[in-house]
Amino acid sequence: MAEQSRLTAAPDGGPDESPGRGAMIGLFWIDGDGCWLGAPAGAEGTGTGVRLTGEGLTPVGTAAGGALSWTDTEQVTVPDAPARSAFQRGLRTAIDVATSMAGFGGPDSGHGMTVCVTHAGARSEYPVLSAAASAYTEREVELSHQLLARFVSGELRPSVLTEWWRSAGSRSGRKPHEREAVLERLLDGAA
């Protein structure tokens, strides 16, 4: 698990999706062990994260609480997911490369996000890291929220993501339009 959980930035500013590690599709990180909302929590459960299973959501790390079942969950959102247009993502990547070359550090290791879960009349918030080094596209965030709504309603389960990952292989470096297309196919049930 330690190898799968460590995210680094690829040369294009996106996450390093090395074979065997996993893949980012929208707000989700998928690997051989399952699916996370945002980046995986880290080796041995260090850090924070939210694992998605067929039964529900499991907060991990410092934000850990009890698992929340899909049947008791009313809504799941990530309101502060970093979303930028193609131009803004390109500009951020150029700045990261320039500052790295000048010796001022490299790309961000991930932006903090908040997973907000409404359940049984209460609201819980869980800090997670973004799996996108610069940002997600606005469309990826929108499609991811639609997929989360389908998980909550029971129309789909997170296994659609892991099944897609197993069938697609762990090809690295998916472009934003490819990630959006995968989310669209999953929502259409044609994955």
What closest approach, in Å, do [X] and [Y] show between heavy atoms, and which atom pair accounts for it?
{"X": "Ser167", "Y": "Trp164", "value": "OG-O, 3.0 Å"}
{"X": "Met113", "Y": "Gly38", "value": "CE-CA, 3.8 Å"}
{"X": "Gly66", "Y": "Pro59", "value": "O-CD, 3.7 Å"}

Got a second to check how far [X]'s [atom1] is from [Y]'s [atom2], nearest 0.5 Å?
{"X": "Leu148", "Y": "Trp70", "atom1": "CG", "atom2": "CH2", "result": "6.0 Å"}
{"X": "Glu180", "Y": "Glu138", "atom1": "CD", "atom2": "CD", "result": "10.0 Å"}
{"X": "Glu140", "Y": "Glu184", "atom1": "CD", "atom2": "CD", "result": "10.5 Å"}
{"X": "His111", "Y": "Leu129", "atom1": "NE2", "atom2": "CG", "result": "10.0 Å"}
{"X": "Ser130", "Y": "Trp29", "atom1": "OG", "atom2": "CH2", "result": "11.0 Å"}
{"X": "Phe28", "Y": "Thr162", "atom1": "CZ", "atom2": "OG1", "result": "12.0 Å"}

Any side-chain to backbone donor/acceptor pair from Arg179 onto Arg174? Under 3.5 Å, distance only.
yes

Could you walk me through whether Leu186 and Leu156 satisfy the side chain to side chain contact (heavy atoms under 4.5 Å, CB included) test, starting with their C-alpha distance in whole Å, then the side-chain angles of each, then the deciding distance to 0.1 Å, before giving a yes or no?
CA-CA 9 Å; Leu186 293 173; Leu156 292 173; 5.5 Å; no

Partners passing side-chain hydrogen bond (donor to acceptor under 3.5 Å, both in side chains) against [X] (at least two apart in sequence or in another chain):
{"X": "Thr53", "value": "Glu55"}
{"X": "Gln75", "value": "none"}
{"X": "His119", "value": "Ser124"}
{"X": "Thr114", "value": "Asp80"}

For residues 153-166, which residue pairs pass the salt bridge (Lys or Arg N to Asp or Glu O under 4.0 Å) check, not counting sequence neighbours?
Arg150-Glu155

For Glu142, side-chain contact (heavy atoms from CB on, under 4.5 Å) partners two or more places apart
Arg139, Gln146

What pairs with Val141 under side-chain contact (heavy atoms from CB on, under 4.5 Å), at least two apart in sequence or on another chain?
Leu27, Ala81, Ala83, Tyr136, His145

Side-chain touch Leu37/Val128, heavy atoms, less than 4.5 angstrom
no

Could you go through the side chain to side chain contact (heavy atoms under 4.5 Å, CB included) check for Leu161 and Leu147 one step at a time?
CA-CA 10 Å; Leu161 290 161; Leu147 199 55; 4.1 Å; yes

